[in-house]
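For reference, the structure discussed in these notes is given below.
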Amino acid sequence: MNQQLAGFAPAPVAARMENHGNHMLKVAMQTGNDLLARVGSMVAYEGFVQYEPNPPAVRQIAKGWMTGEGAPLMKCSGDGLLYLSDYGANVVVINLNGDAISVNATNLLAFDAHLTWGVERVKGLAKFAGQGLWNTKISGQGWVALTSRGKPIVVDCGGGEDETYVDPDALVAWSPNLKVKGKRSFKAQSLIGRGSGEAFQMAFSGQGIVVVQPSEDSTDRLRVRG
């Protein structure tokens, strides 16, 4: 039996963050290099790892997460290997090399605690999406892990005048320097999204990328792990 299960054993550590399959994140924990992760995302760990849910620093920065759309965070510290997942969603690992990324709060799984981050409401969308949409802007040198309901697609906006349109419920992340605006579409109502109201999209333009997941189910956006 052990031989049959050997193929599922984790590979030797090669980086701070790595995928174990498509749906699990492996983090190499080291003392002094803390991690911020979605509350309830820990599925296993090896070694000595401690957890502090919603630490004071997070409460201060993320006080805008008041609508249920946010991602309550815990601080993870110690030495060992930490495994995280979020209801079997695909995990996407990004190594920021002095870059920045804006992440839909519900698609944020984990990131290095030393990175610069903040919570913002996406401007120009409140009149289209009710309470609007929260995003987390993360920048610096370090690692970020995102989740996607299925294998995502990365769209290059190309830097021209043409706009890229995305269903807000399918949006995962985007380059912070992109211009964002909302667009209401009556004709596309039966083609985009699954809601019963007017169809609306987010329009991106400029130089950068947009990460889109194949699921546009808005109930994913409201689910928070305990």
Side-chain angles (χ1 to χ4, degrees), residues 15-17 25 35-38 57-58 60-65 67 69-71 73 89-185 192-193 199-216 220-221:
R16 162 70 164 174
M17 286 189 184
L25 174 70
L35 183 80
L36 292 177
R38 176 180 288 274
V58 170
Q60 179 63 31
I61 296 175
K63 57 186 178 182
W65 282 337
T67 65
E69 297 183 24
L73 298 174
N90 285 53
V91 175
V92 180
V93 177
I94 301 171
N95 186 6
L96 292 180
N97 188 19
D99 300 320
I101 190 168
S102 289
V103 184
N104 179 352
T106 57
N107 294 94
L108 182 60
L109 180 61
F111 59 97
D112 282 329
H114 66 262
L115 289 169
T116 300
W117 67 287
V119 177
E120 306 170 344
R121 187 187 293 274
V122 181
K123 298 179 181 179
L125 291 182
K127 63 180 179 180
F128 295 97
Q131 293 178 328
L133 182 71
W134 293 94
N135 74 292
T136 305
K137 182 179 178 181
I138 306 173
S139 61
Q141 299 273 352
W143 294 83
V144 180
L146 315 178
T147 61
S148 171
R149 305 297 168 187
K151 184 178 180 180
I153 184 172
V154 178
V155 180
D156 189 344
C157 293
E161 296 182 359
D162 292 339
E163 294 178 325
T164 299
Y165 299 95
V166 179
D167 183 333
D169 291 326
L171 180 64
V172 174
W174 65 96
S175 301
N177 55 297
L178 289 173
K179 296 180 180 179
V180 186
K181 67 179 183 181
K183 178 183 178 181
R184 181 178 287 116
S185 174
I192 300 176
F200 66 93
Q201 302 93 51
M202 294 174 66
F204 295 88
S205 60
Q207 187 69 46
I209 62 169
V210 180
V211 183
V212 183
Q213 63 187 1
S215 170
E216 68 278 10
D220 287 340
R221 191 174 305 285

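Atom CG of D162 sits about 10.0 Å away from atom OG of S205, to the nearest 0.5 Å. Taking CD1 of I138 as the start and OG1 of T116 as the end, the distance is 10.5 Å to the nearest 0.5 Å. A distance of 11.0 Å separates CG in L25 from OG1 in T147, rounded to the nearest 0.5 Å.
Minimum interatomic distance between D112 and W143 (heavy atoms only, all atoms of both residues): OD2-N, 2.9 Å. Of all non-hydrogen atoms in V92 and P152, the two that sit nearest each other are CG2-CG, 3.9 Å. Closest non-hydrogen pair, N95 versus G142, comes out as OD1-O, 3.3 Å. Listed here is the closest heavy atom pair of G208 and L178: N-CD2, 3.7 Å. Closest non-hydrogen pair, S148 versus P214, comes out as OG-CD, 4.0 Å.
Remark: the backbone N or O of A173 is not paired with any side-chain donor or acceptor of N107 at under 3.5 angstrom. Within the 3.5 Å criterion, the main-chain N or O of D169 finds a donor-acceptor partner in the side chain of D167. No donor-acceptor pair under 3.5 Å is formed between the side chain of Q213 and the backbone N or O of V172.
Applying the salt bridge (Lys or Arg N to Asp or Glu O under 4.0 Å) test to every pair with at least one member in residues 201-214, sequence neighbours left out, gives no pairs at all. Sorted pairs that involve residues 90-106 and meet salt bridge (Lys or Arg N to Asp or Glu O under 4.0 Å), not counting sequence neighbours, are lacking altogether.
With sequence neighbours excluded, the residues satisfying side-chain hydrogen bond (donor to acceptor under 3.5 Å, both in side chains) with N97 are Q141. Listed by chain and number, the residues in a side-chain contact (heavy atoms from CB on, under 4.5 Å) with V212 are I153, V166, A170, V210 (sequence neighbours excluded). Applying the side-chain contact (heavy atoms from CB on, under 4.5 Å) criterion to A203, with sequence neighbours excluded, gives E163, Y165, K181. Every residue two or more places apart in sequence or in another chain that forms a side-chain hydrogen bond (donor to acceptor under 3.5 Å, both in side chains) with S102 is listed here: N135.
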- Item | side chain to side chain contact (heavy atoms under 4.5 Å, CB included) between W117 and V144, worked out | CA-CA 11 Å; W117 67 287; V144 180; over 6 Å; no
- Message: With side chain to side chain contact (heavy atoms under 4.5 Å, CB included) as the criterion, how do V91 and M17 come out once you've worked through the C-alpha distance, each side chain's angles and the decisive distance to 0.1 Å?
- Response: CA-CA 11 Å; V91 175; M17 286 189 184; over 6 Å; no
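Looking at I209, I101, V180 one by one, the single match for side chain to side chain contact (heavy atoms under 4.5 Å, CB included) with W174 turns out to be V180. Of the residues listed (I94, V211, L146, L109), the one engaging V103 in a side chain to side chain contact (heavy atoms under 4.5 Å, CB included) is L146, and it is the only one.
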